[in-house]
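Everything below concerns the one structure shown next.
Given the structure is predicted, the values throughout are model-derived calculations rather than measurements. Atom set for the values below is all heavy atoms of this structure, side chains included, hydrogens, waters and symmetry mates excluded.
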Amino acid sequence: MAKTIIEVEKQTGISSRTIRFWLSKGLFPFVERDKNGVNYFSDRDIEWVMWVDCFRKTGMSIEKIKHYITLAQKGQK
């Protein structure tokens with residue numbers, strides 16, 4: 001079931017402001033948006049939110065996280 005940013009905040013403990021910032025930086029490429037502009041996060045998206053939080057806690061830059069996401073989307077070759 002898809003969740004709003006507020007629901008993701010409650011589930012993960014990561015502030016909605018932070019999630020919105022990361023979203024604006026393109027760190028969640030699969031998050032769906034409805035016609036009213038409301039973002040909906042799947043369980044997979046919520047896992048990415050938690051991964052991004054872990055990466056940021058290690059000091060990884062936004063650019064390096066974006067690069068990692070690009071590689072992850074390509075999969076193994």
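With hydrogens and angles ignored, the 3.5 Å screen pairs no side-chain donor or acceptor of N36 with any backbone N or O of V38. Remark: the backbone N or O of S42 is paired with a side-chain donor or acceptor of D45 at under 3.5 angstrom.
Between T12 and D53 the shortest side-chain heavy-atom distance does not fall below 4.5 Å.
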Just distance, no hydrogens or angles: give the donor-acceptor pairs under 3.5 Å from side chains in residues 13-22, sequence neighbours left out.
| residue | atom | partner | partner atom | Å |
| --- | --- | --- | --- | --- |
| S15 | OG | T18 | N | 3.1 |
| S15 | OG | T18 | OG1 | 2.8 |
| S16 | OG | R20 | NH1 | 3.3 |

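Counting only residues at least two apart or in different chains, side-chain hydrogen bond (donor to acceptor under 3.5 Å, both in side chains) contacts with residues 59-72 are absent.
Pairing each heavy atom of I69 with each of W48, the nearest pair is CG1-CZ3, 3.7 Å. The nearest pair of heavy atoms linking F41 to I5 is CE1-CG1, 3.3 Å. Of all heavy-atom pairs spanning K3 and I46, the tightest one is CD-CD1, 3.8 Å.
Geometrically, R33 does not engage Y40 in a cation-pi contact defined by less than 6.0 Å to the ring centre and at most 45° from the axis.
F30 and V49 are assigned to two separate hydrophobic clusters, defined by single-linkage of ILVMFWY side chains at heavy-atom distances under 4.5 Å.
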Note to self: Quick one, F28 with N39, criterion side chain to side chain contact (heavy atoms under 4.5 Å, CB included). Give me CA distance, side-chain angles, the key distance, then yes/no.
What the structure shows: CA-CA 11 Å; F28 309 121; N39 294 299; over 6 Å; no

